[in-house]
Each structure stands twice: as C-alpha cells, then as structure tokens.
Amino acid sequence: MKAKVLILSFVVILCAGALLGQGVRSEEEIPSLWQAYADYFPIGAAVRYSSLTRHKDLLEKHFNSITAENEMKFSTLQPDEGIFAFFRADAIVEFAKKNNMLVRGHTLVWHRQYPSWLFRDGAGKASGELVLQRLETHINTVLSRYKGDVYCWDVVNEAVSDSMSEYLRRDSPWYQAVGEDYIAAAFHMAHKADPDAKLFYNDYGATRADKMEKICVLLEDLLAAGVPVHGMGMQGHWDIFGPSVSQIETAIRRYAALGLEVQITELDISLYHWNDKRKAITDPEELAGRLARQAKKYEEIFRVFREYRDVITGVTFWGVADDLTWKDQEPVRGRKDFPLLFDAEGHRPKEAFWQVVNY
Ligand code: HXH
C-alpha cells in the first residue's frame with residue numbers, strides 16, 4: 001500500500017513537471033542551426049567585435065561561418081595611409097579558428113566606409129593610377145595576412161546602380177577616379193594576392209528584375225574578359241512583404257546559370273516594408289502577427305535554399321540576435337527591428353528559428 005502511494009505521488013510529480021516545462025525548452029533540446037544544415041551549406045553570421053563576447057554561446061553553437069560586419073572594411077583596416085589596424089579583425093579570425101568556423105571576407109571595394117585619404121592627393125584629387133596603386137597595396141596587405149584563414153572575399157560591393165538610367169553607380173568615388181575598370185582590376189589584384197580565395201561580387205536588390213539584368217551584364221562581361229570572379233553574393237536584406245519566394249528562386253537560377261556559385265551573404269528579414277518610414281510597432285498583436293509572418297517567410301526561403309544546395313555555397317545572417325542589428329538604425333534611426341532568428345532579451349530561438357531547423 002505504501003509503495004502504491006509512493007509510485008502514485010511520483011507519477012503526479014512527473015506530470016506536473018512536464019506540464020510546467022511545456023513551452024520552455026532546455027538548452028539541450030535546441031538543435032544546432034549549422035548542424036541542421038551540415039548536408040546543405042555553411043551557416044554564417046556577421047559579427048561586430050563586441051558580438052564575440054555578447055553572442056559567444058550562440059555563435060559557438062549555431063554557426064560554422066563568420067563575417068566581420070565592419071571590421072574588415074577599408075576605413076577600419078587602413079584608416080590612414082600605410083597604417084593598418086588589424087586588432088579587431090584578427091580577433092574575429094582567431095575566434096573563428098578556435099571554433100572551427102569559416103571566415104568570409106567583407107569587403108575590399110565599396111563606395112562607403114572608405115577613408116578620406118584614399119581618393120585625395122595633397123590638396124587635390126588622386127589620379128586613377130594612384131587610387132589603383134593604393135588599392136593594390138591594401139589588397140596585398142590584407143589578403144596575405146589572412147591567406148588560408150579567410151576563404152572567400154566580397155571583392156566588390158554594390159557597384160551596380162539602382163537608377164533605371166544608369167548602369168554602374170557613377171557617384172562611387174571608385175568610378176569617378178578610375179572609371180569602370182576598377183572592378184576588373186580589383187578582382188585581378190585579389191586573385192594574384194590569394195589564388196585560393198573564392199572571389200565574389202556582392203549586391204542588394206539582386207532579385208529585382210532590372211537590377212538583376214545589369215548585374216548579369218557586369219558578371220558576363222567580367223567572365224568573358226577572363227576576370228577571376230567565382231561567385232555572386234545576394235545580400236538578402238529582405239522583409240516580410242518581399243521579395244517573393246519565386247523572385248528569389250529566379251534570381252538564384254539566373255546567377256547560377258552564369259556558372260557562378262551563389263551565396264546569400266547578408267540575410268535578415270525586416271518586420272517593416274523597405275519603404276515604410278513610420279515609427280516602431282507598439283501594438284503587441286500587430287508585432288506578434290508580423291513575427292508569425294516572418295517565421296513563414298524564413299520557412300519558405302530556406303526551403304528554396306535547400307532545393308538549390310548544389311549552387312548555394314553559404315548562407316550568412318547579417319547579425320546574430322535581435323539585440324544587435326543594423327536594422328535598428330536603417331532605414332529609420334532608432335526604430336527597433338527584429339530581423340534575425342534569436343530574440344533580443346534572452347537570445348532564445350524565435351518562431352522563425354524553429355521554421356528553419358524543423359524541415
Ligand atoms: C549592406 N548595404 C552592406 O553591404 C554592409 O556592409 C552593411 O554593413 C550593411 C548593409 C545594404 C544597403 C544598401 C543600400 C542602402 C541601404 C543599405 O540604401 C539604399 C537602399 C535602396 C535604395 C537606395 C539606397
């Protein structure tokens with residue numbers, strides 16, 4: 001009799017425990033994101049120096065590739081001519097090596113985040129020749145430092161124009177100093193500096209038909225001229241309203257048809273339409289609805305990514321968790337956004353996470 005009571009109370013305790021535990025998953029029950037995709041492609045995250053401590057656990061468990069959000073940009077690496085500042089970039093590379101992660105290099109040539117000396121010569125403008133010379137020094141110094149550690153580079157970022165009446169961005173200081181040859185020159189320099197590195201052209205709006213055509217013209221011309229381009233980086237700064245999954249699929253096929261590998265290099269899915277400049281969502285119901293929509297969007301796009309695993313060689317999120325995202329400042333300064341897979345409070349997996357890992 002005593003034994004029966006004992007067993008019964010034991011069962012009651014177990015049931016209560018199970019009920020209480022519902023909805024709260026222990027860390028061991030959360031699958032690893034990169035392991036869930038081990039048969040598909042590496043899963044990466046862009047980090048700031050501070051993420052290495054703040055997001056240490058998430059990075060170590062869920063990601064097998066890493067990118068510097070800012071620490072490998074021109075202005076960070078060479079703020080003054082001949083003065084290289086590698087400390088933070090080195091720390092990111094060391095973290096990656098310690099944790100067996102790949103490193104994607106971002107980015108060598110861009111019309112933003114460059115140091116002002118780069119396009120100046122004394123009081124005047126630097127000649128195209130001088131700018132190319134400086135670029136070569138930069139590329140040689142950076143790529144030789146990270147040879148064998150950084151396996152691919154976004155050599156040129158965002159060179160194609162958004163304007164209907166323009167092919168390449170003419171407001172780029174690179175274009176203004178050198179003309180359109182700066183693109184081919186950068187790829188040649190990078191290939192010479194590290195023949196083993198995979199070299200990417202990287203851009204946003206890469207699913208939009210008009211911009212996609214221009215990007216393809218650029219890539220076809222480069223390839224026809226024997227320029228060492230190996231991959232197309234589709235940034236993937238998308239939102240819950242678009243682009244559609246079929247637009248994304250069309251773009252992946254189009255770039256792959258050029259014979260290039262494709263990476264999704266800067267993935268995040270904003271809760272706001274890209275053109276929506278209103279203040280933050282305050283209604284909890286609306287927020288919940290948008291997060292549910294985001295989860296569905298993530299589910300759909302990862303289904304497409306898995307389908308194209310033969311051409312997709314990497315998917316990198318532009319951040320780790322919602323507590324540290326560039327979307328809080330862009331396009332509206334100080335507006336909270338929630339574009340990633342882990343939440344801002346406890347770094348807990350969001351609904352979107354479960355949609356991505358449970359396929
Ligand atoms: C990326 N640019 C960069 O590649 C990355 O280095 C940076 O850390 C964050 C995002 C995306 C971007 C591009 C243009 C832009 C805003 C963000 O502004 C426009 C968007 C659409 C049309 C015109 C400008």
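Every number for a ligand or one of its atoms is a count from 1 in the order of the listing.
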I'd like to know if Lys98 and Glu94 make a salt bridge, using a cut-off of under 4.0 Å between side-chain N and carboxylate O. no
Ring of Phe338, cation from Lys336 - is the NZ or CZ under 6.0 Å from the centre and inside 45° of the axis? yes
Between Phe342 and Phe63, how do the two ring planes meet: parallel, tilted or perpendicular, split at 30° and 60°? perpendicular
Check this for me - ligand 1, Gln113, N or O atoms closer than 3.5 angstrom, yes or no? no
N-O pairing of Arg254 and Glu213 below 4.0 Å: yes
Taking a cutoff of less than 4.0 Å between a non-hydrogen atom of the residue and any ligand atom, is Arg112 in contact with ligand 1? yes
Verify whether one side chain among Glu249 and Tyr308 offers a donor that lies under 3.5 Å from an acceptor in the other. yes
Would you please say whether a donor-acceptor pair under 3.5 Å links the side chains of Asp196 and Tyr151? no
Any N or O of Asp162 that comes nearer than 3.5 Å to an N or O of ligand 1? no
Residue and atom name of the nearest protein heavy atom (relative to atom 17 (C) of ligand 1), distance in Å to one decimal: Trp326 CH2, 3.5 Å
Within 45° cone and under 6.0 Å: Arg104 NZ/CZ vs Phe200 ring: yes
Examine the proximity of ligand 1 to Trp274 and report which part, side chain or backbone, both or neither, has a heavy atom under 4.0 Å away. neither
What atoms of ligand 1 come within less than 4.0 Å of a heavy atom belonging to His106? 4 (O), 5 (C), 6 (O)
Would you say ligand 1 has an N or O under 3.5 Å from any N or O of Tyr204? no
Do Tyr175 and Tyr182 make the cut of ring centroids closer than 6.0 angstrom? no
Please list, in number order, the atoms of ligand 1 under 4.0 Å from a heavy atom of Trp110. 3 (C), 6 (O)
Looking only at protein heavy atoms, what sits closest to atom 7 (C) of ligand 1 is Lys73 NZ, 3.5 Å
Hey, which atoms in ligand 1 end up nearer than 4.0 Å to a heavy atom of Gln235? 1 (C), 2 (N), 4 (O), 11 (C)
Is it the side chain (CB and beyond), the backbone, both or neither of Asn157 that lies under 4.0 Å from ligand 1, heavy atoms counted? side chain
Nearest option to atom 10 (C) of ligand 1, as decided by whichever heavy atom of Gln329, Lys327, Glu266 sits closest: Glu266
Mark up the atoms of ligand 1 that fall under 4.0 Å of a heavy atom belonging to Trp318, in ascending order. 5 (C), 6 (O), 7 (C), 8 (O), 9 (C)
Pairwise distance CH2(Trp238) to CD1(Ile269) - rounded to 0.5 angstrom: 7.5 Å
Look only at interatomic distance and state if Glu158 has a nitrogen or oxygen under 3.5 Å from any nitrogen or oxygen of ligand 1. yes
